[in-house]
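The first residue of the sequence shown is numbered 1, and numbering continues consecutively from there. Since the model is a prediction, treat every value here as computed from it, not as a measurement. Side chains included, hydrogens not; waters and symmetry mates left out as well; all remaining heavy atoms used.
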Amino acid sequence: MGDSPENSDGPPWEDGEETSAPSAAELEAAGQNSMFGDPEPAPTAADPAPAPEPTAAEPTPAPAKTAPSGEAAAQPYRVLARKYRPQTFSELIGQEPMVRTLGNAIERDRLAHAFLMTGVRGVGKTSTARLIAKALNCIGPDGQGGPTIDPCGQCEPCTAIAEGRHIDVIEMDAASHTGVDDVREIIEAVRYAAVSARYKIYIIDEVHMLSRNAFNALLKTLEEPPAHVKFLFATTEVEKLPVTVLSRTQRFDLRRIPAELLQEHFGTICQKEGVEAEAEALNIIANAAEGSVRDGLSILDQAIAHADLDGEGQVTAERVRDMLGLADKSAQRKLLQMLLDGDAKALLGAIADQYALGVEPLALMRGQMDLVHRVTVAQVSGDEANAPTQQERDALTEFSQRLKPAQLHRLWQLMLKGHEEVRQAPDPLVSAQMALLRVMHAADLPDPGKLAKKIEELAERGLAAAPAPASGDASALPAATSANAPAAAMNWADLVQRVDDFGQLRVAQMMRDWIRVIELSDGKLIYAPVDGLSDDPAPEVRDALFKLTGKRWHMELGSGASVDQATPSLREQEEAEKAEAEAKIREHPLVKATFEAFPEAELLDKQENVAQAGGSKWNR
């Protein structure tokens, strides 16, 4: 072949028809085509007439920012979540603590060999892993740089990693590579040094999907990898990872992005896209994103397409609510007002109107819960309510001043129960109507806490005002009894009887026989013991009263003049009454004559005790 005259100018590999090496842009285009298919063919130079038309008709020049102007028409449209993926740590919003930690580790040359990024969807786990790969392998525009928290984005490693074509940065989806064989390939490949980069980096996304055996196979390599290897893991379910893996990685918990920061970020993107958006619309999108940048950008992408339908091109709050099936905030406030006013007919009409507008019953209940929560936060903080419009701020402030904390908590509990019922009901609309009607009628009920307190007060007043049973003449009581002693004694007698009925028989008997009351009130007892009592009865009595009433009683031993004013014990009062009754009987003329005739006679109080009094000397 080499002697042929056709090839006499040189060897076959130097043939003039041999093509040159592909450029970086061609490699990126080839990667895009392999993933998303070949784009529509661009007009060629042979057709000069229609060539300018596609360029003029293109309204979105987004691909032209990253590709040469000649290839702009050939690039497929990229959604906002991919187009505005962070390329530097400064573009990564809401994760400042992690960025600060990584920056300090790079500056101090204290880089771990394995990093674990965890968090909810769309907060930047995979993006962070790619940024770490760029930071570790960046060589700077002059090719002399080292690891940095601010990669240049211009050197070959930075551009190759951003385009997903770097040979030393291997990204693997653990959801589709779950077995030991997949991990074995990693174990065998880590022995070889990086081809062109400083570090060979393995990015394993959704690492929690690896099987148990795959995790076990990776443990040894993960614990002692070669110096040129770094592992970057990303997962949304960190609790599924074995603790042996967690202990071998440096963990970063990526936080949810606050709604205020998301709203600002979406506003910046709208400016870059040349789209006008209302602040309230961006606020709705930010709240609907639930802390996820990717979710928010997907909603924003849809909202921009939805807004273009009317020819104005502005993202309005009304259209975003219609798109998401959310209730208008003014309608939510009117609905809550009807609940508080007790207008059932208007309430049902408002629910029907919202349902006709496309608002789902579950979204309606959630909107009411969100409104009650915001009112509660405004009430607790004492500051002006946080809302995008002045009208809404005034309404939230008015609700917070009108409602009491107990009412707001009760509203929340009732609506939370209603939300669960609507979610499980076969007919959500009917369930939402009944749940909100129940909330409305419950607004008229007394507060349970106040009702319980009122019952306690009535019970205490009833105990203090209980009528005293009839007793004998107080003149027969000891001289130490004061004027108000009988009332105190009766109150004390009722309390002793309650202790006896409660089952504390021994303590009740002690209270009857050995305690003289000086002062008795709810939760307080000042007493004096009967002469002859050796032990202090306070501990046992206090414990019995606590078990009976549920309160800690203060018991105090009287002293000084107060002891002389103590009410006799219940046994002393009973004995005094018995002595008084016996004295009256003995004063009767017939009884006197009987005792004179029978000096050894005994006076018995009950007839049934006659047989016991004298033993065999008595008979019936």
Side-chain angles (χ1 to χ4, degrees), residues 259-260 263 278-290 299 303 316-381 384-405 407-423 425 428-443:
E260 297 80 7
Q263 181 177 350
E278 294 180 355
E280 185 178 358
L282 295 179
N283 182 266
I284 295 173
I285 295 173
N287 284 283
E290 297 181 346
I299 298 173
T316 62
E318 181 181 359
R319 283 195 171 274
V320 172
R321 277 193 292 265
D322 293 341
M323 183 186 71
L324 298 177
L326 301 176
D328 185 4
K329 290 190 176 181
S330 61
Q332 292 177 3
R333 296 193 294 270
K334 291 178 182 177
L335 200 62
L336 182 59
Q337 185 67 46
M338 295 171 188
L339 281 174
L340 300 177
D341 294 341
D343 193 345
K345 185 176 181 180
L347 177 65
L348 292 177
I351 297 174
D353 292 341
Q354 291 297 303
Y355 187 74
L357 291 173
V359 179
E360 291 296 327
L362 195 65
L364 187 68
M365 293 297 299
R366 184 163 184 175
Q368 288 296 297
M369 293 172 62
D370 179 67
L371 181 56
V372 171
H373 171 257
R374 295 171 66 193
V375 172
T376 305
V377 171
Q379 186 182 78
V380 172
S381 63
E384 188 178 21
N386 183 17
T389 63
Q390 185 62 40
Q391 180 184 4
E392 187 175 358
R393 286 193 290 271
D394 295 340
L396 293 178
T397 303
E398 181 183 354
F399 280 128
S400 65
Q401 295 173 353
R402 173 182 175 182
L403 298 173
K404 297 180 180 179
Q407 291 177 295
L408 290 171
H409 293 309
R410 184 166 46 177
L411 282 173
W412 172 263
Q413 290 294 332
L414 291 170
M415 289 180 179
L416 183 62
K417 180 176 177 58
H419 182 274
E420 185 67 18
E421 293 175 355
V422 172
R423 189 176 65 84
L429 177 61
V430 173
S431 180
Q433 290 174 339
M434 297 304 296
L436 291 177
L437 285 174
R438 180 177 61 208
V439 174
M440 184 190 70
H441 292 302

Exercise for the section: For Arg438 and Glu421, run salt bridge (Lys or Arg N to Asp or Glu O under 4.0 Å): C-alpha distance rounded to whole Å, both residues' side-chain angles, the deciding distance at 0.1 Å, then the answer. Expected result: CA-CA 12 Å; Arg438 180 177 61 208; Glu421 293 175 355; 3.1 Å; yes

Problem - Salt-bridge contact Glu420-Arg423 (side-chain N to carboxylate O under 4.0 Å) - result: yes

Exercise for the section: Considering only NZ, NE, NH1 and NH2 on the basic side and carboxylate oxygens on the acidic side, decide whether Glu280 and Arg321 come within less than 4.0 Å. Expected result: yes

Completion exercise
Of Leu339, Asp370, Leu371, the one forming a side chain to side chain contact (heavy atoms under 4.5 Å, CB included) with Met415 is Leu339

[atom1]/[X] to [atom2]/[Y] distance, rounded to the nearest 0.5 angstrom?
| X | Y | atom1 | atom2 | answer |
| --- | --- | --- | --- | --- |
| His373 | Leu416 | NE2 | CG | 12.5 Å |
| Ser330 | Leu335 | OG | CG | 11.0 Å |
| Gln332 | Arg366 | CD | CZ | 11.5 Å |
| Gln407 | Phe399 | CD | CZ | 12.0 Å |
| Ile284 | Glu318 | CD1 | CD | 10.0 Å |
| Gln368 | Leu411 | CD | CG | 9.5 Å |

Check [X] against [Y] and note the closest heavy-atom contact, atom names and distance.
| X | Y | value |
| --- | --- | --- |
| Ala346 | Met338 | O-SD, 3.4 Å |
| Gln379 | Ser400 | NE2-O, 2.8 Å |
| Ala288 | Ile299 | CB-CD1, 4.0 Å |
| Arg402 | Leu340 | NH2-CB, 3.6 Å |
| Ser431 | Ala425 | CB-CB, 3.5 Å |
| Pro428 | Pro361 | O-CB, 3.6 Å |

Practice task
Give the intermediate values and the outcome of side chain to side chain contact (heavy atoms under 4.5 Å, CB included) for residues Ile351 and Leu429.
Solution key: CA-CA 8 Å; Ile351 297 174; Leu429 177 61; 3.9 Å; yes

Handout entry: Met434 atom CE, over 12 foreign heavy atoms within 6.0 Å
Key = no

Exercise for the section: Count the heavy atoms belonging to other residues, nucleotides or ligands that lie under 6.0 Å from CD of Glu398, then report whether that count exceeds 12. Expected result: no

Judged by atom type as modelled, is there a donor-acceptor pair below 3.5 Å linking the side chain of [X] to the main-chain atoms of [Y]?
| X | Y | result |
| --- | --- | --- |
| Glu278 | Ala317 | yes |
| Asn287 | Asn283 | yes |
| Gln433 | Leu348 | no |

Practice task
Carefully, step by step, assess Met365 and Leu436 under the rule side chain to side chain contact (heavy atoms under 4.5 Å, CB included).
Solution key: CA-CA 8 Å; Met365 293 297 299; Leu436 291 177; 3.8 Å; yes

